[in-house]
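Encoded as structure tokens, the structure appears first; notes follow it.
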Amino acid sequence: MPCGPRPFGRAASRGRYGSGLSMTKDYKSTIFLPKTDFPMKAELPKREPAMLARWKQQDLNGQIRSSSKGRPKFVLHDGPPYANGNLHIGHALNKILKDVVSRSQQMLGKDSVYVPGWDCHGLPIEWKIEERYRAAGKDKDAVPILEFRRECREFAQHWIGVQSEEFQRLGVMGDWANPYTTMSFDAEAQIAREISKFAVNGGLYRGARPVLWSVVEKTALADAEVEYHDHVSTTIFVRFPIIKSKFDDLVGASAVIWTTTPWTIPGNRAIAYGEEFDYQLLDVRSVAEGSLIEPGARLLVAQSLSEEVKSALKIEQAVSVWSRKGAELAGTVASHPFRGQDKVYDFDVPLLPAAHVTLEAGTGLVHTAPGHGVEDFEVGIAYGLALPDTVDEDGIFLKNVGMDSLIGRRVLTADGKVGDADRAVVSVLKDVGKLAAQGKLNHSYPHSWRSKAPLIFRNTAQWFISMETNGLRAKALKAIEGTRFVPATGRNRLHSMVESRPDWCISRQRAWGVPIAVFVDRRTGKLLCDQAVFDRIAEAFEKEGGDCWFSSEPARFLGPDHDPANFEQVKDIVEVWFEAGSTHSFVLEKRADLKWPASLYLEGSDQHRGWFQAALLEACGTRDRAPFEAVLTHGFVLDEQGRKMSKSDGNVVAPQEVTDKNGAEILRLWVVASDYGDDLRIGPGILKHQIDLYRRLRNTLRYLLGNLASFSEEERLPYAEMPELERWILHRLAELDGVVRQAIHDFDFNALFTALHTFCAVDLSAFYFDVRKDSLYCDRPDALARRAVRTILDQLFSCLTAWLAPVMCFTAEEAWLSRHGEQAPSVHLRQFPEIPAAWRDDALAAKWKKVRALRRVVTGALELERENKRIGSSLQAATTVYATDDYVEAMRGLDLAEIAITSGATLVAGAAPAGAFTLEDLAGVGVVPAPADGSKCQRCWRVLPDVGSVAGHEDICGRCADAVGPSQVAAE
RNA sequence: GGGCUCGUAGCUCAGCGGUAGAGCGGGCUGUUUAUAACAGUCAGGUCGCGGGUUCGAAUCCCGCCGGGCCUACCA
């Protein structure tokens with residue numbers, strides 16, 4: 001629509017104003033004001049969805065993929081979010097950061113393919129479905145497993161759809177048409193294959209282990225599924241008769257233990273002591289009313305706890321009759337308090353040293369039940385203690401606790417309330433005279449994160465991946481050394497976890513997941529490792545999904561070589577971390593558009609323990625190396641005060657609300673304006689800040705567009721013909737190009753964004769644009785100076801739209817299309833411009849540093865003039881600047897008036913006269929301002945002596961008269 | 001309880017042994033030819049607190065306080 005460059009003002013041809021309306025000529029219409037359709041008002045909530053629709057319609061991602069064929073691949077492998085609800089701000093941070101990384105790598109010249117994924121299996125979804133059943137009055141256990149799994153699948157599918165839309169709304173680009181999920185049949189098949197690899201290589205084994213167990217959900221819980229809440233427990237002191245010791249004094253005395261879980265007494269197999277602690281034997285002389293202790297009893301306790309114990313046991317007077325270090329207790333043996341009640345208690349209860357014993361509470365002698373605690377278990381392993389099963393999956397005492405008064409009692413009820421087992425145990429203890437005291441304790445206790453019910457430690461059969469078989473731990477530690485961590489502290493964090501972690505428990509007694517599809521030989525107890533069987537299983541999963549494990553006869557998988565009667569089909573499912581840890585195998589390896597290992601895994605810092613570790617172990621166990629080349633972590637999102645967000649505190653920022661109200665671009669800016677390595681803050685004030693930053697960038701682009709209207713190639717000026725100021729801008733672009741590339745390499749988008757924003761605000765808006773406004777608006781279009789500026793603006797536009805595109809993906813595109821037309825290829829199909837090395841000119845930069853320092857003194861002097869009402873616009877002033885030789889040298893060949901935007905200027909070498917304006921921190925420059933000589937040009941507003949010197953143009957200066965031309969304006 | 005980590009102007013961040021920095025925001029002013037835009041200018045910090053090392057510490061060490069992530073245990 002606009003006219004091309006013409007030697008004379010386009011406004012002249014428009015005749016917007018008729019002649020004769022005014023005595024003053026309309027010079028405004030003869031200058032070249034910015035002209036653009038790119039609106040100042042962003043209206044992001046409206047424009048962004050339209051842009052997304054446009055990209056979708058043109059299949060932008062597909063276009064980028066096909067135009068990037070053959071370039072080196074960059075694969076950011078998506079850590080799958082859990083498909084069970086709307087996105088929160090943490091999701092937004094994570095996906096936006098991924099998008100910025102992926103887009104910036106793409107524009108760096110890579111083929112950056114991003115395939116989003118979802119984590120679909122697991123307890124939270126299962127629980128949602130069960131909740132529906134409960135609401136409908138249905139019994140979850142009565143529902144066939146395949147029907148249950150189908151509902152879980154549909155639930156996950158629904159939320160995948162919702163989250164996909166929400167992620168895309170944020171501007172996240174990727175293969176949304178073909179995402180991966182952990183519940184697709186091919187994924188389920190590959191997960192089964194991965195498990196079979198561990199079976200074949202010997203890493204997978206079935207072991208017994210006490211695990212935190214929920215009797216409500218009837219499952220072992222992963223650590224991540226446990227939370228701690230206050231809980232009131234029954235506490236008891238119990239006497240264990242000592243039957244053997246190298247100290248005669250001890251035989252016949254009682255070792256006293258304290259526990260908060262009376263129901264674990266039947267599982268007791270040892271008593272732990274601290275080798276360094278002092279223990280003493282108390283001879284009880286007198287007791288208070290209600291004490292369960294008889295005078296004359298002798299009790300073994302830790303010395304430093306004896307007062308507390310005496311008080312708890314209501315002992316009035318007792319005398320220490322023996323005292324030794326704990327280490328001396330080695331070899332001491334007690335009997336179980338229930339001995340004599342049933343023959344199952346005829347075993348010895350040894351006193352054993354253990355590091356976990358403390359003197360903070362209790363008696364300094366710790367009840368040790370290997371099936372009911374991790375540390376107890378470890379003591380048990382170390383000393384070969386029995387590992388009895390005392391409760392079933394409902395938390396009910398089994399037959400092997402021996403006594404009718406105990407068998408069938410419940411630790412917890414089906415809905416998670418305290419059951420009758422504690423009471424029954426206490427009652428028996430009391431009957432046999434071994435109860436020393438009883439009380440209540442309110443303490444922090446593990447609970448299920450979902451049902452909120454208390455958990456118990458229960459001995460169970462579980463499947464493990466050994467950290468030592470095949471040297472898995474060593475391999476993983478080595479792989480960590482070969483991985484790049486951003487920030488670097490991630491390496492230590494992962495390393496220390498892998499170094500100290502126990503074997504990986506991968507089994508769950510649940511329904512919604514991938515089966516641990518293996519058989520155990522009933523005759524030998526060994527895993528069946530027949531590749532033909534594993535292949536049949538995987539093939540079936542590939543076609544029908546994991547469901548077929550539950551719906552088919554074992555013979556289908558066992559084939560002709562194995563008799564189903566001889567094999568137990570394992571019905572456990574694999575924990576979801578194993579699935580997530582296997583994504584590399586069914587996404588990176590299987591898809592031709594990706595590569596293995598991934599270039600980058602990028603998640604919140606909590607995933608050191610979660611996904612990073614699971615993926616590392618899974619890949620090291622099956623492929624001897626990490627599935628990633630680099631790991632990047634970000635912090636957590638907090639509110640404006642640095643506090644955790646919570647619904648009850650009302651400080652939650654929902655990404656959907658920000659997007660609807662301010663636009664996704666604002667969230668994207670927030671991500672890059674923050675230091676994601678640390679925790680990030682967000683709130684109304686911080687969002688306002690981002691909006692301000694956005695405005696500046698948008699207006700910079702808008703100003704470029706306005707002043708580039710109808711720019712044509714003929715106008716372009718070669719570098720050699722550029723004035724110094726223009727060459728300085730090119731130098732800055734070369735500098736920024738380095739900053740941008742380095743920042744992208746470092747994943748330091750804050751540095752990138754800060755540099756770009758400061759450049760736009762300080763170098764362009766406050767300086768270059770301001771100085772060059774006169775030339776842009778008033779010079780004739782064919783003037784070399786103006787052509788130089790427009791050439792630079794074109795270059796700036798090219799660079800800024802590219803550099804901003806990975807972050808401001810909407811606005812960069814909007815500006816790009818505004819310039820090049822709706823039919824132009826997308827800005828996102830571009831690469832970062834190649835900046836000629838010759839643009840870099842450090843000597844010029846040093847020179848202009850001085851020039852701008854000198855300019856600061858001038859603007860300071862003018863501000864004083866303005867304050868004293870001697871001038872308004874700087875163009876009303878002319879200055880005489882006295883400066884030392886170095887400044888004079890820096891100004892050689894430059895027009896001081898032009899640079900300082902005054903109407904006149906004189907530069908004098910030498911000291912400033914008294915009264916000249918100076919700046920404290922800038923010795924050597926003094927400024928004497930004065931009113932400019934001449935009259936104001938009505939066109940360019942400079943005050944010049946040659947105003948009116950051209951006939952027919954009495955109101956304007958010579959330059960403007962030339963620009964306007966001899967006749968046009970006069971004709972109007 | 002342990003490990004890791006953070007605490008610099010109202011906000012977002014640089015600085016990481018040598019006299020406290022930037023951008024934004026704020027106040028004031030100008031411009032009205034980027035105009036719900038732009039420019040100039042000014043004011044803001046005892047670098048969480050307390051010790052120590054050093055000629056010198058925001059920067060190194062120790063302790064504390066406060067935030068965050070992970071983890072353990074509470075027998």
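Note on naming: letters A, B, ... go to the chains in the order of the sequence lines (proteins, then strands), and numbering restarts at 1 for each one.
Qualifying ring pair (Phe, Tyr, Trp, His ring centres under 6.0 Å) partners for A:W504, counting only residues two or more places apart in sequence or in other chains: A:F578. For A:N651, the side chain to side chain donor-acceptor pair (under 3.5 Å) partners are A:D639, not counting sequence neighbours. A:F749 meets the ring pair (Phe, Tyr, Trp, His ring centres under 6.0 Å) test with no other residue; sequence neighbours excluded. Remark: A:R702 engages no residue in a salt bridge (Lys or Arg N to Asp or Glu O under 4.0 Å) (not counting sequence neighbours). By the ring pair (Phe, Tyr, Trp, His ring centres under 6.0 Å) test, A:H91 pairs with A:H88, sequence neighbours left out. In this view, A:F485 satisfies the ring pair (Phe, Tyr, Trp, His ring centres under 6.0 Å) rule with no residue, not counting sequence neighbours. The side chain to side chain donor-acceptor pair (under 3.5 Å) test applied to A:R668 returns A:D99, not counting sequence neighbours. Shown here are the side chain to side chain donor-acceptor pair (under 3.5 Å) partners of A:R643, two or more places apart in sequence or in another chain: there are none.
B:A14 is unpaired under the Watson-Crick or G-U wobble criterion, no partner having all donor-acceptor distances under 3.5 Å.
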Distances under 3.5 Å between protein N/O atoms and the N/O atoms of nucleotides 68-70 of chain B, please, pair by pair.
{"unit_1": "B:G68", "atom_1": "OP1", "unit_2": "A:K644", "atom_2": "N", "d": "3.4"}
{"unit_1": "B:G68", "atom_1": "O2'", "unit_2": "A:D679", "atom_2": "OD1", "d": "3.3"}
{"unit_1": "B:G68", "atom_1": "O2'", "unit_2": "A:D679", "atom_2": "OD2", "d": "2.5"}
{"unit_1": "B:C69", "atom_1": "OP1", "unit_2": "A:K644", "atom_2": "NZ", "d": "3.1"}
{"unit_1": "B:C69", "atom_1": "OP2", "unit_2": "A:K644", "atom_2": "NZ", "d": "3.2"}
{"unit_1": "B:C69", "atom_1": "O2'", "unit_2": "A:R493", "atom_2": "NH2", "d": "2.7"}
{"unit_1": "B:C70", "atom_1": "O4'", "unit_2": "A:R493", "atom_2": "NH2", "d": "3.2"}

For nucleotides 6-10 of chain B, tabulate all protein N/O to nucleotide N/O atom pairs closer than 3.5 Å, reporting atom names and distance.
{"unit_1": "B:C6", "atom_1": "O2'", "unit_2": "A:D678", "atom_2": "OD2", "d": "2.9"}

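Put simply, OH on A:Y27 is 18 Å from P on B:U32, counting in whole angstrom units. In this structure, CZ of A:R698 is placed 14 Å from P of B:A36, rounded to the nearest angstrom.
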message = For a quick check, with a 4.0 angstrom heavy-atom cut-off, what is the B/S/- contact string for nucleotides 26-31 of chain B, read 5' to 3'?
response = ---SSS
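Within 4.0 Å (heavy atoms only), A:R939 reaches at least one base atom of the nucleic acid.
A donor-acceptor contact under 3.5 Å links the side chain of A:S765 to the base of B:A34.
Screening residues 672-689 of chain A for salt bridge (charged side-chain N to carboxylate O under 4.0 Å, His left out), with sequence neighbours left out, gives A:K688-A:D692.
Between A:Y273 and A:Y279, the ring planes are perpendicular. Angles over 60° get that label, and only those under 30° would be called parallel.
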